[in-house]
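What follows is a short report on a single structure.
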Amino acid sequence: MKRNENREGIKGMVNPGRYGIERVSYWLMRITGLGLLAYLIGHIYETSSILNGKSVWDSMLQLTQTTQGHIILTLVIGMCVFHTVNGIRLMFAHGGIGVGKPTRPDYPYIPNSQNMKNKLCIYASIGVAALAMMYGLSVLFGE
Amino acid sequence: MAEEQSSTEVSSSKTITLRIAKSNPEHDSRSQFAEFKVPYERWTTVLDAILDVKKHLDHSVAVRYSCRQASCGSCGMKINGRPGLACFTKISELNSDVVTVEPMNNYPIVRDLVVDLEGMFDTHKKMKPFIINEESEVATNTREFLQTPGQVEEYIQFSNCIKCGLCNSACPTMATDSSFLGPQALTQAYRYVADNRDKGKNERLKIIDESHGIWRCHFAGSCSQVCPKGVDPAMGIQMLRGYLLGFKK
């Protein structure tokens, strides 16, 4: 008999809001992680250009001084701040800290692990990342 | 009798479009949606609507159900894109004129809305879901283990699992990793690890401490969002990881 595994695959990343802010946070953590990895590779490529002489290094550095370069750097700031702040929350949560205490569940069964403290931390991570991006924009585009 | 029938018809004024995913992997791996207009009341569940279709419009719809009261865990399916128990989801709560039902993701489809839960039962058994204690053998001059209410509270929430499989269906790791143990099994491991009568903690921690084991959980929390019994698998898994990381003894 043929088996259709029906695995959701990468499509499962679409529409994270259907499972609440925690799934959005998971989605953002993944995206920012990949974004930071891409930045790291680009950064290594950029800085290694110094091996080809000062003129190559200067021209490479000019790329970050363009409008597109500033936008990319601002995104990197946002990704880095969100990934760090949310990562600290997850480091505690992964050790069972801040996920609530087991108790007899009562209808309508609001999960303790999705408590207000965790939600606030997620919103704070997004908020701090947004503030850092605004600061980055003001520095990069400011006079 | 005639009066009763007429009043039922009058009160069934509201209808929804029920879209049922139909597929038969034996013949074709593709899935098609069949649409039906179904009357509903404030109390009509998704399972009631499916059975209405099965009774009056298309008896070939394959659906698994048993208790109709969220106790057996048979009727898990994807309802408007989110896993849920069909018998525990009222149509009026969905706030939609179109209700789409599909088989749960991350399980092989048997037919239409029926999925094969064998993989989940296998990982569940792998967790040794029983008390491991040499002194638990029933013999003369023995009696039951006594526990304080506090000791019971440590695990009772996790023993409410009805093995419906919704948590595994919602899990984003299960969506891409076919070898992942899954939130259902990991939570059951915690249920026994947290039970002070059990002496099999090290055995179970060894089973889950592998590359496709507990470390693949990233605390997306979707398992807890969809659990119809308030088990909160996400909490159980993080607590269990606390043992491995040395935060808990």
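Protein chains get the first letters and strands the later ones, always in sequence-line order, with residue 1 at the start of each.
Enclosure of atom NZ in A/Lys119 by more than 12 non-hydrogen atoms of other residues, nucleotides or ligands within 6.0 angstrom is indicated. In A/Leu51, the CG atom is crowded: over 12 heavy atoms of neighbouring residues, nucleotides or ligands sit closer than 6.0 Å. For CD of A/Gln65, the number of neighbouring non-hydrogen atoms (other residues, nucleotides, ligands) closer than 6.0 Å is greater than 12. Within a 6.0 Å radius of CZ in B/Phe145, more than 12 heavy atoms belonging to other residues, nucleotides or ligands are found. The number of heavy-atom neighbours closer than 6.0 Å to CG of B/Asp122, taken from other residues, nucleotides and ligands shown, is above 12.
Of the atoms belonging to A/Tyr19, heavy atoms from both backbone and side chain fall under 4.5 Å from chain B. Heavy atoms of B/Asp177 lying under 4.5 Å from chain A belong exclusively to its backbone. There is no contact between B/Val231 and chain A, counting heavy-atom distances below 4.5 Å. Using a 4.5 Å cut-off between heavy atoms, A/Ile110 does not touch chain B at all. Proximity to chain A is absent for every atom of B/Tyr155, based on heavy atoms less than 4.5 angstrom apart. No part of B/Val115 comes within reach of chain A, as not one of its non-hydrogen atoms sits under 4.5 angstrom from that chain. The part of A/Lys101 that comes within reach of chain B is its backbone (N, CA, C, O), which places non-hydrogen atoms under 4.5 angstrom from that chain. Heavy-atom distances place both the backbone and the side chain of A/Thr103 under 4.5 Å from chain B.
Classification of the A/His94-B/Phe219 ring pair by plane angle, with boundaries at 30° and 60°, yields perpendicular.
In terms of heavy-atom pairs under 4.5 angstrom with chain A, the leader among B/Ala175, B/Ser31, B/Gly230 is B/Ala175. Ranked by non-hydrogen atom pairs under 4.5 Å with chain A, the options B/Arg241, B/Glu153, B/Lys248, B/Gln225 are led by B/Arg241. In terms of non-hydrogen atom pairs under 4.5 Å with chain A, the most contact-rich of B/Ala170, B/Ala220, B/Gly242 is B/Ala220. Per-residue counts of heavy-atom pairs under 4.5 Å with chain A were compared for B/Ser222, B/Gly119, B/Ala194; the largest is that of B/Ser222. Listed options B/Cys227, B/Ser178, B/Pro228 were ranked by heavy-atom pairs under 4.5 angstrom with chain A; first place goes to B/Ser178. The most heavy-atom pairs under 4.5 Å with chain B, out of A/Val99, A/Val24, A/Asn118, A/Leu90, come from A/Val99.
Note that OH of A/Tyr109 is 7.0 Å distant from CG of B/Asn160, once rounded to the nearest 0.5 Å. The line from CZ of A/Phe92 to CD of B/Gln238 is 14.0 Å long, rounded to the nearest 0.5 Å. Between the CD atom of A/Glu5 and the CD1 atom of B/Ile109 there is a distance of 10.0 Å, given to the nearest 0.5 Å.
Just one of A/Met13, A/Arg30, A/Arg23, A/Glu8 meets the side-chain contact (heavy atoms from CB on, under 4.5 Å) condition when paired with B/Pro172; it is A/Arg23.
At least one donor-acceptor pair closer than 3.5 Å links the side chain of A/Arg18 to the backbone N or O of B/Gly81. A donor-acceptor pair under 3.5 Å is absent between the side-chain atoms of A/Asn6 and the main chain of B/Asn106, judged by distance alone. Judged purely by atom type and a 3.5 angstrom limit, B/Asp232 uses its side chain to pair as donor or acceptor with the backbone of A/Ser113.
Considering every non-hydrogen atom in both B/Leu245 and A/Gly95, the closest pair reads CD1-CA, 4.1 Å. The two residues A/Gln114 and B/Ser224 have their closest heavy-atom pair at NE2-CB, 4.2 Å.
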